*Asks:* 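Have a look at this one before I ask anything.
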Amino acid sequence: MKLPLISIYLSLVSVALGVKLPPSFMQCDVKQSDFQQCLTKAVENAIRQMNRPLKEVHLLNLEPLEIPAMTVAAGSQILYSQQVFKNMRVSGFNETTCSKVEFDSATKILKLDCTVPRFRLEFDYEVNGRLFLVSIYGKGSGWAVFVGNRMKLTFKLGEYEKKGKKYYNVVKQELKMRMTDIEFNLENLFDGDEEAADRVKKIIKENALEIFGDVKPGYEEAFGLIFASIFDRFLGKVPAAYLFGEK
Ligand SMILES: *[C@@H]1O[C@H](CO)[C@@H](O)[C@H](O)[C@H]1NC(C)=O
């Protein structure tokens, strides 16, 4: 899989002084007895607030999240076509709920278990290959909604020092997605041959989860990298001491 091109706003903001969390963010102290519950609420609140950019902490607008280009590798069992996306907009994060967020300060592993009820993608797409035994090709606009999208995201953090302050960074990430249904539409499939398009869309509708399962690792890797990149920019701005009340 090619790495997604993440052209996040490229202003060269100086990183002279670390900044505290925005006042609207909840602060949790690793020493408080209900730290994990506090963190779960704090992360959920933070994600939901990202419907506007929080420039002071280098957080992007997640509502929508814009991904200029993303290419996902062909599957190995069902969908033998790479999926090329341009101008992708991802939304639905404003309704995120998190059932569990855990941070282990010894191993520096942060685990999130969150659900985005309607994880919506809008895009320009291009496919050219085979679906089951049928040929599939087309280029146009489209959308998809992952319904009940549960995301388990694990970050392994590292730490470093900058101007006498400790900071975290993301050294590794893993994303697992599971959804209960997929709704979608692809315009201009088969270059506008409506009959062929309807036939294949029916096949996709009836087998959406199974088909997506064949290519899901590529999406998990791409979105995992994107989330890691967003989180890493934030971590580079806010010293560790301001995150979890550590010394
Ligand atoms: C989230 O955004 C969508 C689309 O803008 C909107 O319809 C919905 O009401 C929002 N939900 C919340 C909880 O703000």
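Along the sequence shown, residues carry numbers from 1. Both counts, for ligands and for their atoms, begin at 1 and track the order of listing. In this text, all values refer to a predicted model and were calculated from it rather than measured experimentally. No hydrogens, no waters, no symmetry mates; every other heavy atom, side chains included, goes into these values.
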*Asks:* Closer than 4.0 Å and a protein heavy atom, does any atom meet both conditions relative to atom 14 (O) of ligand 1?
*Replies:*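 So far as the 4.0 Å threshold goes, atom 14 (O) of ligand 1 is in reach of a protein heavy atom.
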*Asks:* Measure from NZ or CZ of K31 to the centre of the six-membered ring of F244 and say whether it is under 6.0 Å with the direction within 45° of the ring axis.
*Replies:*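 No - K31 does not lie over the ring of F244 by the 6.0 Å and 45° rule.
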*Asks:* Could you check which of E63, E95, R120 puts a non-hydrogen atom nearest to atom 9 (O) of ligand 1?
*Replies:*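 It is E95 whose heavy atom sits nearest to atom 9 (O) of ligand 1.
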*Asks:* With a cut-off of 4.0 Å, which atoms of ligand 1 are near a heavy atom of N94?
*Replies:*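 Answer, ordered by atom number: 1 (C), 2 (O), 3 (C), 8 (C), 10 (C), 11 (N), 12 (C), 13 (C), 14 (O).
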*Asks:* Looking at M177, R178, R118, E183, which one forms a side-chain contact (heavy atoms from CB on, under 4.5 Å) with F146?
*Replies:* M177
*Asks:* Using the rule given for salt bridge (Lys or Arg N to Asp or Glu O under 4.0 Å), can you reason through R89 versus E66, listing the C-alpha separation, both sets of side-chain angles and the distance that settles it, and then say yes or no?
*Replies:* CA-CA 5 Å; R89 290 158 63 88; E66 301 194 350; 3.2 Å; yes
*Asks:* Between F123 and F85 (judged by ring centroids, cut-off 6.0 Å), do the two rings come close enough to count as a pair?
*Replies:* yes
*Asks:* Ignoring hydrogens, tell whether any protein atom lies closer than 4.0 Å to atom 2 (O) of ligand 1; use the non-hydrogen atoms only.
*Replies:* yes
